[in-house]
Enquirer: 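Below is a structure I'd like to ask you about.
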Amino acid sequence: MLGTTSARRLIGTATAVAASLATLLTAAPQAAAAENYDRCPAGKLCVFQYGDFKGKMEIISSSRPTLGIWNNSISSVVNNSDLYLSMAMEANYEGERYYMPPHSGPNDLSGGGIGRQWDNKVSSLRVATTDYEVTQGVPWMDWFVQDEEKRPAGLPAVAQFGDLNNDARPDLLERADDGRLWFLSGVGDANWVTKGRLVGGGWNAMTQLARHGDYNGDAKEDIYARDRSGTLWFYPGRGDGAFGDRVRVGGGWNAMREISAAGDLDGDGRRDLLARDTSGVLWTYPGNGRGIFGNRVKVGGGWNAMNQLASPGDLNGDGKADLAARDGSRNLWLYPGNGRGTFGNRTKLPYAWPADAPVLATGDVNGDGISDLMRPIDYQLFAYHGDGKGGIGGPWADMLWDTARNVRVF
C-alpha cells in the first residue's frame with residue numbers, strides 16, 4: 001500500500017532508476033585511439049575539446065554549475081575515476097542530463113551512439129561519490145515528516161526515542177558513503193524539500209552506530225559508536241541533532257558482532273544496550289543512567305542464526321521494550337521484552353526481509369504513538385506501521401534511498 005503523502009517520492013525513484021538505466025546504456029566506451037584517450041591519467045575524470053579525445057584536456061574533480069570556456073565545447077570524456085558524472089545541457093545542472101558511472105572509460109561524444117547528441121552541448125557538470133548524489137544533487141536523503149505526523153504528547157518512556165531535537169518529529173541520522181554524518185530533521189519547506197544538516201565527517205571510522213533515546217538522564221537523545229579498534233564511544237546529544245564531547249565506554253567491543261541500543265529492558269528506568277558476540281551469545285548491558293553500563297547479563301546463545309537485530313521500542317503494547325531479529329531465511333521475528341532483561345516467546349512478523357537491506361527501528365514514524373519499522377527496497381525507503389498489538393501493516397513508500405555500500409541510516 002502506498003501512502004498518499006509519499007506519492008511524490010516515487011517520482012524521484014523513477015528518476016533515479018532511469019538514471020541507472022541511462023548509465024547502463026551510456027557506459028560502453030566509444031572506439032578511440034589508445035594514444036588519445038590515454039592522455040587522461042589513471043584515477044582521473046577528463047574532458048576534451050575535440051572528438052577522438054584530441055585538443056585541450058582538463059581534469060574535473062568537483063561539480064561545475066557553469067563551464068566558462070568549456071561551455072558547449074566538450075566533445076569527448078574519459079572517466080577513470082571513482083566519481084559519478086552527470087552532464088547537463090543547461091547551466092546549474094538543469095535540462096536534459098547524461099550520466100557516466102565510475103571507471104566507465106572513454107566516451108567520444110562526436111562519434112556514433114547515444115552520446116552523439118551531446119557533442120558541444122554540455123553547459124554544466126555534476127560529480128559525486130554516489131549514484132544517488134549525482135542524480136538527486138544532494139548527499140543526504142529526503143526525510144520528510146508532515147505536521148499531522150508529529151508524535152502525540154505524553155508518550156510513555158518506552159516510546160520516547162528517535163527524536164534527537166525534541167520537536168515531536170521522528171528524525172534520522174545518515175552516514176553517507178564518504179563518511180559524512182547528516183542529521184535529517186524531517187522538516188521541509190512549502191514544496192516538501194528538506195535539507196540535511198552536517199554533523200561532521202570521518203564517521204566511516206565507526207563500524208557500529210546505535211541510538212535509542214536518552215542514556216545519561218539529560219532528556220536529550222544520544223548515540224553510541226564503535227571504532228575499528230573495538231572501542232565503544234558515547235556521544236551525548238545536545239538536543240539539536242548534534243553531539244557533545246564523546247566519552248569512552250571501553251575497549252574490546254570487537255568481540256561483538258552486533259550492537260543495538262535497546263531502551264529499558266530490565267525495568268529500572270534506565271536505557272540498556274544489547275550486544276551479540278561472535279559465538280552467538282546475546283548479552284544485555286544495563287545502563288547506569290550516565291551513558292555507561294553495569295555488569296552484563298547473558299540472554300542466551302544461538303543468536304548467530306540471526307543476521308540483524310533491531311530495537312523498535314514497544315511493538316505489542318505491553319509497555320515493555322521489545323526486540324526484532326532477522327534470520328538467514330529472510331524471516332523477521334518479534335521477541336517481546338519481559339521487563340527483566342530477557343524476552344518471551346517469539347512471533348513471526350509478515351513479509352520477507354532480505355539480508356542485503358537493513359531493518360530500521362526509530363520508533364513512531366507516522367504520529368500515531370505506536371512503534372514502526374522501516375526498510376529500503378532498491379531506491380525507496382518503506383515504513384511498516386505497527387498496530388500496537390505485535391503486528392505491522394503493509395509497506396508505505398517514504399523517501400528515496402541511497403544504495404551506496406557505506407550508507408548507514410539509524
Side-chain angles (χ1 to χ4, degrees), residues 1-17 132 141-152 155 158-159 161-163 168-172 174 184 186 188 192 194 260 306-318 321-337 345-403 407 409-410:
M1 181 182 297
L2 300 181
T4 56
T5 62
S6 302
R8 69 175 184 92
R9 296 178 176 118
L10 291 179
I11 297 173
T13 302
T15 300
V17 173
Y132 180 94
M141 288 183 251
D142 186 25
W143 173 247
F144 180 82
V145 181
Q146 299 198 74
D147 287 341
E148 60 267 28
E149 295 175 320
K150 284 187 176 181
R151 295 172 174 176
L155 288 177
V158 70
F161 70 101
D163 180 11
R169 297 173 182 263
D171 47 53
L172 299 175
E174 175 197 350
L184 311 182
W192 293 3
T194 65
S260 179
M306 303 296 169
N307 53 44
Q308 189 185 347
L309 306 177
S311 299
D314 178 19
L315 268 185
N316 64 356
D318 66 356
D322 304 319
L323 174 67
R326 183 185 60 205
D327 66 24
S329 299
R330 303 176 60 181
N331 299 311
L332 190 66
W333 299 91
L334 174 64
Y335 290 81
N345 295 329
R346 69 182 188 177
T347 57
K348 185 179 176 182
L349 294 170
Y351 310 110
W353 300 77
D356 59 355
V359 180
L360 310 182
T362 54
D364 172 25
V365 300
N366 66 333
D368 63 0
I370 301 171
S371 287
D372 309 306
L373 293 169
M374 294 184 290
R375 76 175 175 104
I377 302 175
D378 297 325
Y379 284 92
Q380 191 82 16
L381 180 69
F382 290 83
Y384 296 76
H385 298 143
D387 62 7
K389 302 175 183 178
I392 54 175
W396 286 63
D398 207 288
M399 67 178 182
L400 293 181
W401 182 261
D402 188 340
T403 60
V407 168
V409 177
F410 64 110

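All values reported here derive from a predicted model rather than from experimental measurement. Index from 1, following the sequence.
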Enquirer: Please check if the side chain of Asp142 supplies one atom and the backbone of Met399 the other of a donor-acceptor pair under 3.5 Å.
Expert: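 No; zero donor-acceptor contacts below 3.5 Å.
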Enquirer: Within the 4.5 Å heavy-atom criterion, are Val365 and Trp143 side-chain neighbours or not?
Expert: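 Contact flag for Val365/Trp143 side chains = yes.
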Enquirer: State, yes or no, whether a side-chain contact exists between Pro354 and Arg375 at a heavy-atom distance under 4.5 Å.
Expert: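 Side-chain contact under 4.5 Å: yes.
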Enquirer: Whether the side chain of Ser371 engages the backbone of Pro312 through a donor-acceptor N/O pair (distance < 3.5 Å, no angle test) should be reported.
Expert: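 Yes, the answer is positive, given that a donor and an acceptor are paired below the 3.5 Å cut-off.
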Enquirer: Evaluate the side-chain proximity of Leu373 to Leu349: yes if any heavy-atom separation is below 4.5 Å, no if none is.
Expert: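 In short, these two side chains touch, coming nearer than 4.5 Å.
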Enquirer: Below 4.5 Å, heavy atoms only, C-beta onward: do Leu323 and Ser311 meet side chain to side chain?
Expert: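 They are in contact (side-chain heavy atoms under 4.5 Å apart), so the answer is yes.
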Enquirer: Does the Asp314 side chain pair with the main chain of Val158, one donor and one acceptor, at a distance under 3.5 Å?
Expert: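 Absent.
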Enquirer: Under the side chain to side chain contact (heavy atoms under 4.5 Å, CB included) test against Pro376, which residue among Asp402, Leu381, Leu400 passes?
Expert: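 Only one of Asp402, Leu381, Leu400 forms a side chain to side chain contact (heavy atoms under 4.5 Å, CB included) with Pro376, namely Leu381.
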Enquirer: When you measure from the side chain of Asp372 to the backbone of Gly386, do you find a donor-acceptor pair of N or O atoms at a distance under 3.5 Å?
Expert: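 Yes; at least one donor-acceptor contact below 3.5 Å.
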Enquirer: Do we get Arg326 above Trp353's six-membered ring, with its NZ or CZ under 6.0 Å from the centre and within 45° of the axis?
Expert: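 Because its charged atom misses either the 6.0 Å distance or the 45° angle limit, Arg326 does not stack over Trp353.
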Enquirer: Considering only heavy atoms from C-beta outward, does the side chain of Trp401 approach that of Val409 to under 4.5 Å?
Expert: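 With C-beta onward as the side chain, the pair touches.
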Enquirer: Can you tell me if Asp364 uses its side chain to pair, donor with acceptor, with the backbone of Asn366 under 3.5 Å?
Expert: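 Indeed, once roles are kept as given, a pair shorter than 3.5 Å links the two residues.
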